[in-house]
Amino acid sequence: MQARELVKRYGDREALRGVSFEALAGEQVAVIGPNGAGKTTLLSILAGIVRPDGGEVAVAGAVGWVPQQAALYRRLTVGENLLLFARLERHPDPRASCEEMLELTGLGERRGEIVARLSGGNQQRINIAIGLLARPAVLLLDEPSVGLDPRQRARLWEFVSGLAGGGTTVVFSTHDIQEAERYGGRLLVLADGEALFDGSPGELREAVRREAPEAADRDFETAFVAYLQHRGH
Ligand code: ATP
């Protein structure tokens, strides 16, 4: 996936000011940055939901979108939700697609359960299963681990890392810097609509050492906050 010089304006506000980046097959890219940095705007443009005012996105294959708020029908069962989305997406054989996703996400045993009664972690799995229905080459997740307990988080990342291991490009946003360091082979740091940094967690450490040496040996989150501050954010 390649994004070139993406620009998005909301009235006078520039949510993105020429952001470019590339993600290869099997890469896990974490998009991090302060509130209002443009993370959701970037992901929704990559997902094809929001049109940019400038720039372009090139993807070889389908894109799957896992929004922050799962658009699930809480009174329907797991299976009914998946079937509904497979139909909405006009799959040639919605039942087969639904079965495939239940299998892939380990939700088979829960197919008959009402969504409202599931744990947050299992609801997030359905959300991801819906994002995967299109068999995407690129999976985009907007703050996927919010509200999950540590065990559910670990399961989420194990699953997502498995997808990346199979060649899916994964791009996710998060406010959890430790999680970004752990699961983002690459980090894209956005602030005020601009890409401040694009590289590995190790390279970000090096950048902190250059620009905010007093924080270089602190924990990753502290180092990151110091880096942002040195960059005027
Ligand atoms: P957060 O970490 O708080 O989720 P974010 O990095 O995802 O923030 P965005 O939601 O992409 O940031 O917002 C970027 C900027 O664009 C913000 O200033 C926001 O107020 C503005 N913005 C986003 N969506 C809209 C919209 N639909 N209408 C007007 N302004 C918007």
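No experiment lies behind these values; they were computed from the predicted model shown. Atoms within a ligand are numbered from 1 in the order they appear, just like the ligands themselves. These numbers come from the heavy atoms of this one structure, side chains and all, not from hydrogens, waters or symmetry mates.
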Open item on the list: Just so I know, are the side chains of His233 and Asp192 near enough to count as touching, which here means a heavy-atom distance under 4.5 Å?
Closed with: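 The answer is yes, as the side chains (C-beta and beyond) meet within the 4.5 Å cut-off.
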Task: Flag side-chain contact, heavy atom, 4.5 Å: Ile45 against Arg51 - done: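 SC-SC contact between Ile45 and Arg51 ruled out.
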Open item on the list: I'd like the contact residues of ligand 1, where contact means a heavy atom below 4.0 Å.
Closed with: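 Within 4.0 Å of ligand 1, the protein residues are Tyr10, Arg13, Ala15, Pro34, Asn35, Gly36, Ala37, Gly38, Lys39, Thr40, Thr41, Glu143, His175.
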Open item on the list: Assess, by modelled atom type and distance only, whether the side chains of Glu221 and His175 contain a donor and an acceptor separated by less than 3.5 Å.
Closed with: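 The criterion, which ignores hydrogens and geometry beyond distance, is not satisfied for His175 and Glu221.
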TODO: Please determine, by modelled atom types, if Arg231 and Gln229 share a side-chain donor-acceptor pair under 3.5 angstrom.
DONE: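 No pair is found: no donor N or O on one side chain lies under 3.5 Å from an acceptor on the other.
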Task: Closest non-hydrogen atom pair between Tyr183 and Gln28, with its separation - done: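 Smallest heavy-atom distance, with atoms named: O-NE2, 2.8 Å.
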Open item on the list: Just checking Arg155: does its CZ atom have more than 12 heavy atoms from other residues, nucleotides or ligands closer to it than 6.0 angstrom?
Closed with: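 Not more than 12 within 6.0 Å, no.
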